[in-house]
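Positions are given from 1 along the sequence.
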Amino acid sequence: MMRTRPLKVALLGCGVVGSEVARIMTTHADDLAARVGAPVELAGIAVRRPDRVRAGVPAELVTTDATALVKRGDIDVVVEVIGGIEPARTLITTAFEHGASVVSANKALLAQGGAELHAAAETHGTDLYYEAAVAGAIPLIRPLRESLAGDKVNRVLGIVNGTTNFILDKMDTSGAGYSEALDEATALGYAEADPTADVEGFDAAAKAAILAGIAFHTRVRLDDVHREGMTEVTSADFASAKQMGCTIKLLAICERAEDGKSVTARVHPAMIPLSHPLASVREAYNAVFVEAEAAGQLMFYGPGAGGSPTASAVLGDLVAVCRNKVAETTGPGESAYTRLPVSPMGEVVTRYHISLDVADKPGVLAQVATVFAEHGVSIDTVRQQGKDGEASLVVVTHRAADAALQATVGALRKLDTVRGVASIMRVEGE
């Protein structure tokens, strides 16, 4: 039997995502009610600039007083899509204090203060859902938090930023340089006017923190995630990758240590074999590869951003939270029982591709090999090309700790025969 009293929803933010959430809520009201078991009513929309509210959004619901909206007392669910740390954090905690559950797409806030928000939700007997915070429309948070709750996840490897994937894909397929590919991404609306958060890996790092925390049942904050951007990736790097049967992706990598006593979370460009499923992810799409003990290898793929895809994830959470309200219960909260420490990047073990500019004369290769041996880094392959007294030396290592590799590179820079280190690229997915 359907409950007659409607569940009232407050929407914070009415930009690209928020306006699409409002549209779907109003045009699909009957379907949402049937799925929830009660009418779902959009009761208010808080915005900063009411003159910018999009066509089709009910003007009578618009307010500039977000605090008053979440304090109304009759609000059952608050949907937060304004982003940033403040005032989002204060508005969410205020919503909890007044008995409202929260659906958020705020990856930055969740990566920085997710533990505190979960604690506040638990204190007030409310829900905090955030499927839309990672990978847009791709169902990922709920499978990790619920479907794989009985399994042991050992690794999460993914492309979680569409802007960077578009840029790297264009560099790979068309031979474009970084600046040219970025200009195309901007013209098509894939990149912001200031793309720093994307191309320097901040966006992906926030998502990696969220994924690692859920996958490994421990607390991982944004500051725990090692981050490197992809602005230094060149056409020469792609040429080297192709010679190895690889391409280059900006990856978010979350791993459980082999002894199970710690975890790592990192974001950086990496070469990945063309045989790996992530290598075929093109344009602005996202994909996440999950490795679990019982389930094996799973891949989640789809559009990772945009108004409609992100709104789809928000509405999925909204239905789940509203169902919990009808049933007078709450869904799963934070699971951080393992309390595993996050290891520093220096302890991460992986393969490396190092390109050196060296003098083209006898004995150089022997000198370089000696430096690698002295630092305990084993060489897998070496490729050397030389002309007119200058040469390039490409070394691919076996698996080595990052600290050992960095020490090796530091020692190589001191050799008179090494003119410079052209690039260092990790090799993942093998």
Asker: Check this for me: Arg282, atom CZ, are more than 12 non-hydrogen atoms of other residues, nucleotides or ligands nearer than 6.0 Å?
Answerer: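 More than 12 within 6.0 Å, yes.
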Asker: Can a donor-acceptor pair be found between the side chains of Thr338 and His217 at a distance below 3.5 Å?
Answerer: no
Asker: Does a salt bridge link Arg221 with Glu116, judged by any charged N lying under 4.0 Å from a carboxylate O?
Answerer: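 Yes, this pair counts.
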Asker: Any side-chain heavy atom of Gln297 sitting closer than 4.5 Å to one from Val290?
Answerer: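 A side-chain contact is absent here, since even the closest heavy-atom pair is not under 4.5 Å.
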Asker: In terms of side-chain geometry, is the basic nitrogen of Asp224 or Arg219 positioned less than 4.0 Å from the acidic oxygen of its partner?
Answerer: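 No, Asp224 and Arg219 are not salt-bridged.
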Asker: In the structure I gave you, are the side-chain heavy atoms of His98 and Val70 within less than 4.5 Å of one another anywhere?
Answerer: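 Counting from C-beta outward, His98 and Val70 never come under 4.5 Å.
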Asker: So which heavy atom on Met271 is nearest to which on Ile248, and how close?
Answerer: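 Heavy-atom minimum between the residues: CG-CG1, 4.1 Å.
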Asker: State, yes or no, whether a side-chain contact exists between Asn154 and Glu293 at a heavy-atom distance under 4.5 Å.
Answerer: yes
Asker: Mind checking whether Phe96 and Val102 have side chains closer than 4.5 Å, heavy atoms only?
Answerer: yes
Asker: Report, as yes or no, whether the 6.0 Å neighbourhood of atom CD on Glu122 holds more than 12 heavy atoms from other residues, nucleotides or ligands.
Answerer: no
Asker: Between the side chain of Asp151 and the main-chain N/O of Ala295, is any donor-acceptor distance below 3.5 Å?
Answerer: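 Yes: the side chain of Asp151 pairs with the backbone of Ala295.
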Asker: Testing Leu12, Val47, Leu109 one by one against Ile82 for a side chain to side chain contact (heavy atoms under 4.5 Å, CB included), which residue passes?
Answerer: Leu12
Asker: For Asp172, is there an ion pair with Lys242 - N to carboxylate O distance below 4.0 angstrom?
Answerer: yes
Asker: Please answer whether the main-chain N or O of Gly307 pairs with a side-chain N or O of Thr310 as donor and acceptor at a distance below 3.5 Å.
Answerer: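 Answer holds: no.
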Asker: Given side chains that start at C-beta, do those of Tyr190 and Asp198 come closer than 4.5 Å, heavy atoms only?
Answerer: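 No, side chains not in contact.
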Asker: Kindly give the heavy-atom pair with the smallest separation between Ser104 and Glu80, and that separation in Å.
Answerer: OG-OE1, 2.6 Å
Asker: Is it true that Lys170 and Glu180 make a salt bridge, defined as a side-chain N closer than 4.0 Å to a carboxylate O?
Answerer: no
Asker: Report yes or no: do Ser343 and Ser262 form a side-chain donor-acceptor pair below 3.5 Å?
Answerer: yes
Asker: What closest approach, in Å, do Ala209 and Ala111 show between heavy atoms, and which atom pair accounts for it?
Answerer: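 Between these two residues, the closest heavy atoms are CB-CB, 4.0 Å.
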Asker: For the CG atom on Asp30, are there more than 12 heavy atoms of other groups (residues, nucleotides or ligands in this structure) within a distance under 6.0 Å?
Answerer: no
Asker: Taking the six-membered ring of Phe289 (Phe, Tyr or Trp), confirm whether the NZ or CZ of Arg155 is under 6.0 Å from its centre and within 45° of its axis.
Answerer: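 No, a cation-pi geometry is absent between Arg155 and Phe289.
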Asker: Is a donor on one side and an acceptor on the other found under 3.5 Å between the side chain of Arg426 and the backbone of Thr350?
Answerer: no
Asker: More than 12 non-hydrogen atoms from neighbouring residues, nucleotides or ligands closer than 6.0 Å to CD on Glu86, yes or no?
Answerer: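 Atom CD in Glu86 is packed in, count exceeds 12.
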Asker: Can the positive tip of Arg145 be found less than 6.0 Å from the middle of the six-membered ring of Tyr130, inside 45° of the ring normal?
Answerer: yes
Asker: Hey, is the main chain of Val377 close enough, under 3.5 Å, to the side chain of His375 for a donor-acceptor pair?
Answerer: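 No; judged by distance alone, with no hydrogens or angles, the pair does not exist.
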Asker: Search all heavy atoms of Met171 against all heavy atoms of Ser235 and return the closest pair with its distance.
Answerer: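 In terms of heavy atoms, the two residues are closest at CE-N, 4.3 Å.
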Asker: Scan side-chain atoms only and decide if Thr330 and Asn324 contain a donor-acceptor pair under the 3.5 Å cut-off.
Answerer: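 Absent: no donor and acceptor within the cut-off.
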Asker: Looking at Val103, Val314, Ile141, Leu318, which one forms a side chain to side chain contact (heavy atoms under 4.5 Å, CB included) with Glu131?
Answerer: Ile141
Asker: I'd like to know if Lys8 and Asp74 make a salt bridge, using a cut-off of under 4.0 Å between side-chain N and carboxylate O.
Answerer: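 Yes, charged N to carboxylate O under 4.0 Å.
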Asker: Which heavy-atom pair separates Tyr352 from Ala401 by the least distance, and what is that distance?
Answerer: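 Residues Tyr352 and Ala401, closest heavy atoms: OH-C, 4.3 Å.
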Asker: Taking all non-hydrogen atoms of both residues, which atom of Ala270 and which atom of Glu428 are closest, and how far apart?
Answerer: CB-CG, 3.6 Å
Asker: Looking only at side-chain N and O atoms, does Thr93 offer a donor or acceptor that is under 3.5 Å from a partner on Glu97?
Answerer: no
Asker: Are the side chains of Tyr301 and Val288 in contact, using a 4.5 Å heavy-atom criterion?
Answerer: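 The answer is no; the side chains never approach within 4.5 Å.
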Asker: Has Tyr285 got more than 12 heavy atoms of other residues, nucleotides or ligands less than 6.0 Å from its OH?
Answerer: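 Result for OH/Tyr285: open.
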Asker: Looking only at the side chains, is there a donor atom on one of Ser423 and Asp237 sitting less than 3.5 Å from an acceptor on the other?
Answerer: yes
Asker: Are the side chains of Arg383 and Gln243 in touch, meaning some heavy atoms are under 4.5 Å apart?
Answerer: yes
Asker: State, yes or no, whether a side-chain contact exists between Asp76 and Arg5 at a heavy-atom distance under 4.5 Å.
Answerer: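 With C-beta onward as the side chain, the pair touches.
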Asker: Any chance CD of Glu60 has more than 12 other-residue heavy atoms, nucleotides or ligands included, within less than 6.0 Å?
Answerer: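 Check passes, neighbour count above 12.
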Asker: Could you check Glu255, His226, Glu228 and say which one makes a side-chain hydrogen bond (donor to acceptor under 3.5 Å, both in side chains) with Arg266?
Answerer: Glu255
